[in-house]
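Here is the structure we will look at.
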Amino acid sequence: MNFSNKNLLFFFPESPFSKRAGNVLRTYTNLKQLKSLGLNIDLVGVEDYYNSFGDSPQDIDSAIINDVFVLKTKPPKKKLTLEYWKYKIQKKFNKENSNQYLTQYLKDNFTALLAQKKYDYIFINYEFWTDLIRDQDLKGAKTIVDTHDWITLNEFYNNKNLDLGKRFGEEINNLSLYDKVVTISQDEYFIFKSFLGDKVINIPPSFPENFEGSNIEKKYDLIFVGSDNPFNILSINWFVEKVLPLLPKEIKICIIGRICKHVPDHENIEKVFFADNLNIYYHASKIAICPMLKGTGIKIKVVEAMSYGLPVVGTKKAVDGFSDKKNNGCLVSDDEKEFADIIKSLLNNSSDYEKQKDEAILFFKNNFSEKKSVELWEKTLNF
């Protein structure tokens, strides 16, 4: 089906073109694949997010996006204006929202966007932005939410006092408002499908195949790519403190991304704070590590590493959301000694290494190909 005459309004709070973290990279990939179906796409973001990350609405790919709208969360601070006092009073009496950026002012600006143009699809990223479409006149637009994660469990990791029943009820209630609910992992798919039925569709993350560099000389034994979110910080600290001392003293490790700010200087570690192109680093590495101790959902960094034909050594969290927890190119353990032993075995035994590499490539081709992903997006829109 050709969607060239269809308009899609795509909400993602930060710039999807920064590609600074796994969730952002997935969003960029989704946009690229949706555009390949012929859609006319308008992008909506939140000014507070753009400002905090130093992003600009001008830094978009005009081959993918028609128009970009970056909305303010509050009116200009001019105390004498009626608009300022209107929202000041509303804020005082409105119910408390766990999403502090989803203000009435932002919602009203979103409403104004909907009034300007007729959209065939409205796409919201993350369940906690659902109030953007609640009680709105959507003019017949079909609604899609990309969950990205099981948000209740994710919030529970950060707040053990969270009222789980209340928050999960809220999450399911929010998701029930959409025509289609997209998950990225099998685990969340089964959970949400139990409550919401056939409106739930699983679209795993996808990447182009980058296997051709496997014969390039390897400069690094291990590679880790990550943003500086709390789960990555906890994970890399565990690896450096517990696992690294158990590895050979000549081992070479490459760590890439904002996570480098939280990695101590070490003679075995090369830190790359920003890489515009990860290809050269992945192709120059033998093994990807994913020592995640907390967090939910599929790990984009694992899928990305597999797209380069790299075996992955991780904790059990590394294979969250995979359809097969065993035969997937990943070797896992939550024990630091076993973690180190797996790395040493792969580095010292070429037949074991090649077996894991072949397994990673096969699992990637069967589960995370771009072609399969585009077909699933077409199915999601064609209802």
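Just so you know, these numbers come straight off a predicted model, no measurement behind them.
For Y28, the ring-ring contact (aromatic ring centres under 6.0 Å, His included) criterion is met by F17, not counting sequence neighbours. Taking the side chain to side chain donor-acceptor pair (under 3.5 Å) definition, one finds that Y353 meets it with nothing, sequence neighbours left out. For the ring-ring contact (aromatic ring centres under 6.0 Å, His included) test, no residue two or more places apart in sequence or in another chain qualifies with F224. Every residue two or more places apart in sequence or in another chain was checked for a side chain to side chain donor-acceptor pair (under 3.5 Å) with K166, and none qualifies. Residues passing the side chain to side chain donor-acceptor pair (under 3.5 Å) test with D335: none are found, sequence neighbours excluded.
A donor-acceptor distance shorter than 3.5 angstrom exists from the side chain of N109 to the backbone of Y105, with no hydrogens or angles considered. Although no hydrogens or angles enter the test, the distance criterion places a donor-acceptor pair under 3.5 Å between the side chain of S176 and the main chain of N173.
Contact annotation: the side chain of V182 approaches that of T380 to within less than 4.5 Å [non-hydrogen atoms, C-beta and beyond]. L113 is listed as a side-chain neighbour of L71, based on a closest heavy-atom distance under 4.5 Å. A 4.5 Å side-chain heavy-atom check between L346 and Q356 finds at least one atom pair inside the cut-off. Here the side chains of F211 and Y308 are not in contact, with every heavy-atom distance at 4.5 Å or above. A heavy-atom distance below 4.5 Å is not found between the side chains of K316 and K325. The shortest distance between side-chain heavy atoms of N7 and L39 does not fall below 4.5 Å. Looking only at side-chain heavy atoms (C-beta outward), F10 and Y121 stay at 4.5 Å or farther from each other. Side-chain atoms of D120 and F3, non-hydrogen and from C-beta on, never get closer than 4.5 Å to each other.
At a cut-off of 3.5 Å, with distance as the only test, a side-chain donor of T130 or Y178 sits close to an acceptor on the other residue. At a cut-off of 3.5 Å, with distance as the only test, no side-chain donor of N366 or K372 sits close to an acceptor on the other residue. Side-chain contact check for E209 and S369: no donor-acceptor pair (N or O, by modelled atom type) lies under 3.5 Å. D108 and Q104 share a donor-acceptor pair across their side chains, judged by distance under 3.5 Å alone. In this model, a donor atom of one side chain and an acceptor atom of the other lie less than 3.5 Å apart for S373 and Q33.
Tested against Y126 for a ring-ring contact (aromatic ring centres under 6.0 Å, His included), the candidates F123, W129, F128 yield a single pass: F128.
To the nearest 0.5 Å, atom CG of residue N232 and atom NE2 of residue H262 are 9.5 Å apart. The CD atom of E336 lies 12.0 Å from the OG1 atom of T315; values are rounded to the nearest 0.5 Å.
Every pair passing side-chain hydrogen bond (donor to acceptor under 3.5 Å, both in side chains) that includes a residue from residues 193-204 is listed here, sequence neighbours excluded: T183-N202, K193-D198. Each salt bridge (Lys or Arg N to Asp or Glu O under 4.0 Å) pair with one or both residues in residues 146-157, not counting sequence neighbours, appears once here: R26-D146, E155-R167. For residues 42-62, the set of pairs meeting the ring-ring contact (aromatic ring centres under 6.0 Å, His included) definition, not counting sequence neighbours, comprises Y49-Y101. Sorted by first and then second residue, the pairs that involve residues 309-333 and meet ring-ring contact (aromatic ring centres under 6.0 Å, His included), not counting sequence neighbours, are F322-F363, F322-F368. Here side-chain hydrogen bond (donor to acceptor under 3.5 Å, both in side chains) pairs that include residues 236-258, with residues two or more places apart or in two chains, are D228-R258.
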Extract all donor-acceptor atom pairs below 3.5 Å that involve side chains of residues 57-68 and protein atoms in other chains or at least two apart in sequence.
residue: Q58; atom: OE1; partner: S56; partner atom: OG; Å: 2.9
residue: D61; atom: OD1; partner: A63; partner atom: N; Å: 2.9

Donor-acceptor list for residues 138-145 side chains, cut-off 3.5 Å, not counting sequence neighbours:
residue: K139; atom: NZ; partner: L114; partner atom: O; Å: 2.9
residue: K139; atom: NZ; partner: A115; partner atom: O; Å: 3.4
residue: T143; atom: OG1; partner: D179; partner atom: N; Å: 3.1
residue: T143; atom: OG1; partner: D179; partner atom: OD2; Å: 3.3

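Nearest heavy-atom pair, K326 versus E359, reported as atom, atom and distance to 0.1 Å: O-OE1, 3.9 Å. Contact record, S333 with F339: O-CD1, 3.4 Å, taken as the closest heavy-atom pair. When all heavy atoms of S285 and I223 are compared, the pair lying nearest together is OG-CB, 3.5 Å. Closest of all the heavy-atom pairs between P205 and I300 is CB-CD1, 3.7 Å. Residues V272 and C254 come closest through the heavy atom pair CG2-SG, 4.2 Å. Looking at every heavy atom in both residues, T152 comes nearest to L162 through O-CD2, 3.7 Å.
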Test side chain to side chain donor-acceptor pair (under 3.5 Å) on S185 and D187 and set out the steps.
CA-CA 5 Å; S185 100; D187 299 345; 4.7 Å; no

Would K35 and N40 count as a side chain to side chain donor-acceptor pair (under 3.5 Å) if you check the C-alpha gap in whole Å, the side-chain angles of each, and the deciding distance to 0.1 Å?
CA-CA 7 Å; K35 186 63 182 178; N40 305 306; 4.5 Å; no

Starting from the C-alpha separation in whole Å, work towards a yes-or-no answer on salt bridge (Lys or Arg N to Asp or Glu O under 4.0 Å) for D131 and K107.
CA-CA 8 Å; D131 277 359; K107 187 175 176 181; 5.6 Å; no

Run the numbers on Q136 and I122 for side chain to side chain contact (heavy atoms under 4.5 Å, CB included), then give the verdict.
CA-CA 12 Å; Q136 296 273 32; I122 296 171; over 6 Å; no

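Contact check on D221 versus K344 returns no salt bridge, with no Lys/Arg side-chain nitrogen under 4.0 Å from an Asp/Glu carboxylate oxygen. Here K271 pairs with D265 in a salt bridge; the nearest charged N to carboxylate O distance falls below 4.0 Å. With salt bridges taken as basic N to acidic carboxylate O contacts below 4.0 Å, none links D352 and K355.
Cluster membership check: L164 shares its hydrophobic cluster with F192, using side-chain heavy-atom separations under 4.5 Å among Ile, Leu, Val, Met, Phe, Trp and Tyr. Hydrophobic clustering of Ile, Leu, Val, Met, Phe, Trp and Tyr side chains at less than 4.5 Å, counting indirect connections, unites L196 with F190.
Atom NZ of K72 has 12 or fewer heavy atoms from other residues, nucleotides or ligands within 6.0 Å.
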